[in-house]
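Everything on this sheet refers to the single structure shown next.
Whatever order the structure lists ligands and atoms in, that order sets their numbers, starting from 1. Heads up: numbering here begins at 1 and tracks the sequence.
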Amino acid sequence: MKLREIYNNNISKKISFEVFPPKEAVNYRKLISELEKIKKLNPAFISLTCGAGGNSGSSTVELARVIKENGFNIMPHFTCVCNSSNFVFKHIKDLEELGIENILALRGDIPIDPTLCCKDFKYANELVEFIKENSSLSVGVAGYPEGHIEAENLQEDIRNLKKKIDCGAEAIFTQLFFDNNKFYSYIDAVRKYGINVPIIAGIMPILNKQQIYKMTALAKITVPQIILEKLETYQPEELQNFGIEYAIRQCEELISENVDGLHFFTLNKMESSIAILKNIL
Ligand code: FAD
């Protein structure tokens with residue numbers, strides 16, 4: 001099912017889970033058994049990262065095949081910053097042959113040594129255009145409720161987001177956020193800019209203190225005071241339970257505001273996402 005069909009459905013069908021490929025192929029089985037735990041929640045699809053943590057587009061395609069064979073819809077990610085157009089062409093054809101219908105097109109993070117970047121694509125909108133010209137894949141892109149770290153300001157970032165939509169992207173998957181008001185203001189600003197595709201909220205359950213400090217510092221994400229307090233005072237298990245409660249409240253409010261969809265960043269650990277979903281569906 002393509003992205004535009006998924007997001008015309010009712011909310012229980014608009015839940016997705018993001019995982020990353022384990023470094024070693026021998027650990028694919030372990031990931032599949034984690035995914036088996038969420039099968040009965042009937043997710044719309046599993047999204048599979050690419051490039052992050054050192055894996056290549058090839059391993060993303062290979063694992064996408066394995067996940068699909070295990071009965072899941074899959075949306076692999078593809079980054080362009082270090083990939084040639086030939087490499088992308090080959091892999092989108094592989095995805096189509098596997099019967100995969102959706103892809104998340106990203107620029108990816110610039111490596112510390114920028115000479116490693118390939119010159120074929122500079123920004124994600126160029127990758128979206130290339131995929132649309134060369135395949136029938138449905139394409140999602142990333143959006144940043146608090147602005148992308150390299151953008152001068154949110155307006156500039158939304159102007160650039162519009163380029164991705166004009167090139168054919170059909171849904172926006174947001175960066176994680178903890179303050180729903182940031183998400184609501186983002187939606188208002190994006191819609192005012194004439195962008196009408198579904199905007200899917202990125203939810204990250206709090207798993208541990210280091211994870212939250214690292215991810216929010218890297219992407220400059222606001223951490224509400226209540227979370228900061230708990231990060232400093234709660235023991236690991238208490239913190240994880242608090243994270244589940246926090247995300248349940250966040251998701252319930254988003255659903256009551258008719259969010260287009262919920263996308264869970266699982267970090268390959270399903271328990272918290274399952275606990276959240278059992279409470280909201
Ligand atoms: P772009 O849309 O290209 O934007 C990058 C920056 O350039 C922004 O500041 C933007 O404002 C600006 N810009 C965009 N287009 C133009 C233009 N035409 N002219 C001038 N400026 C422009 N990273 C991975 O490596 N692997 C993953 O699997 C992965 N998955 C992700 C999933 C989600 C849901 C999200 C939100 C992010 C993910 N990322 C992933 C991180 C992402 O790759 C980084 O945030 C990256 O720095 C930007 O990627 P982008 O696709 O948003 O880039």
Side-chain angles (χ1 to χ4, degrees), residues 3 15-22 45-61 63-64 67 74-83 88 91 95 102-112 114 116-118 120-131 139-177 182-183 186 189-190 193 195 197-204 214-221 260-268:
L3 290 173
I15 306 290
S16 48
F17 295 91
E18 183 171 309
V19 297
F20 62 85
F45 56 87
I46 305 299
S47 101
L48 178 64
T49 70
C50 169
N55 76 292
S56 69
S58 314
S59 61
T60 293
V61 173
L63 181 55
I67 294 176
I74 175 89
M75 177 178 75
H77 300 189
F78 225 90
T79 56
C80 60
V81 68
C82 297
N83 288 324
V88 174
H91 285 99
L95 293 178
N102 304 311
I103 190 167
L104 190 68
L106 301 142
R107 185 197 66 183
D109 288 319
I110 309 279
I112 296 167
L116 295 174
C117 290
C118 179
D120 288 357
F121 306 102
K122 190 165 183 198
Y123 295 109
N125 65 286
E126 295 161 32
L127 179 62
V128 175
E129 190 172 26
F130 184 84
I131 295 171
V139 183
V141 289
Y144 303 85
E146 301 188 54
H148 182 260
I149 33 164
E150 291 163 36
E152 284 275 303
N153 52 49
L154 190 58
Q155 270 319 107
E156 181 197 301
D157 202 31
I158 293 175
R159 228 181 1 259
N160 290 325
L161 175 68
K162 177 79 160 59
K163 293 176 190 160
K164 301 194 265 196
I165 307 305
D166 290 345
C167 288
E170 290 163 42
I172 298 163
F173 291 81
T174 77
Q175 180 60 279
L176 68 104
F177 58 90
K182 304 260 179 220
F183 180 73
Y186 182 65
V190 168
Y193 214 82
I195 297 173
V197 302
I199 303 177
I200 320 307
I203 304 293
M204 179 171 281
K214 186 174 164 207
M215 310 213 65
T216 56
L218 277 176
K220 296 216 178 101
I221 293 157
D260 288 325
L262 297 170
H263 184 73
F264 289 86
F265 299 105
T266 68
L267 300 179
N268 292 8

Under 4.0 Å from any heavy atom of [X], which atoms of ligand 1 are there?
{"X": "Ala142", "value": "35 (C), 36 (C), 52 (O)"}
{"X": "Asp157", "value": "8 (C), 9 (O), 10 (C), 11 (O)"}
{"X": "Asn125", "value": "15 (N), 18 (N)"}
{"X": "Gly108", "value": "25 (O), 43 (O), 46 (C), 47 (O), 49 (O)"}
{"X": "Thr79", "value": "24 (C), 25 (O), 26 (N)"}
{"X": "Lys163", "value": "17 (C), 18 (N), 19 (N)"}
{"X": "Ala151", "value": "9 (O), 11 (O)"}

| Exercise: do His263 and Ser16 side chains pair donor with acceptor under 3.5 Å | yes
| query | Can you tell me if Ser47 and His77 form a side-chain donor-acceptor pair at under 3.5 Å? | reply | yes
Polar-atom distance check: [X] versus ligand 1, any N or O pair below 3.5 Å?
{"X": "Tyr144", "value": "yes"}
{"X": "Gly143", "value": "no"}
{"X": "Asn160", "value": "yes"}
{"X": "His77", "value": "yes"}
{"X": "Gln175", "value": "no"}
{"X": "Glu150", "value": "no"}
{"X": "Arg107", "value": "yes"}

| query | Are Ile74 and Phe45 close enough that some pair of their side-chain heavy atoms sits under 4.5 Å apart? | reply | no
| said: Can you tell me if Cys50 contacts ligand 1 (heavy atom of the residue under 4.0 Å from the ligand)? | reply: yes
| query | Should Leu104 be listed as contacting ligand 1, given a heavy-atom distance under 4.0 Å as the test? | reply | yes
Nearest 0.5 angstrom please: [X] [atom1] to [Y] [atom2], how far?
{"X": "Ile131", "Y": "Glu126", "atom1": "CD1", "atom2": "CD", "answer": "12.0 Å"}
{"X": "Gln155", "Y": "Tyr193", "atom1": "CD", "atom2": "OH", "answer": "7.0 Å"}
{"X": "Gln175", "Y": "Leu218", "atom1": "CD", "atom2": "CG", "answer": "9.5 Å"}
{"X": "Cys117", "Y": "Lys122", "atom1": "SG", "atom2": "NZ", "answer": "10.0 Å"}
{"X": "Ile15", "Y": "Phe264", "atom1": "CD1", "atom2": "CZ", "answer": "5.5 Å"}

| remark: With sequence neighbours left out, the residues meeting side chain to side chain contact (heavy atoms under 4.5 Å, CB included) with Ala124 are Arg107, Lys164
| Sole residue of Val61, Ile67, Thr60 in side chain to side chain contact (heavy atoms under 4.5 Å, CB included) with Leu63 | Ile67
| note | Looking at Ser47, Ala124, Gly202, the heavy atom closest to atom 1 (P) of ligand 1 belongs to Ala124
| field | All ring pair (Phe, Tyr, Trp, His ring centres under 6.0 Å) counterparts of His91, not counting sequence neighbours | value | Phe78, Phe87
| With a 4.0 Å heavy-atom cut-off (strictly under), which part of Lys164 contacts ligand 1: side chain, backbone, both or neither? | side chain
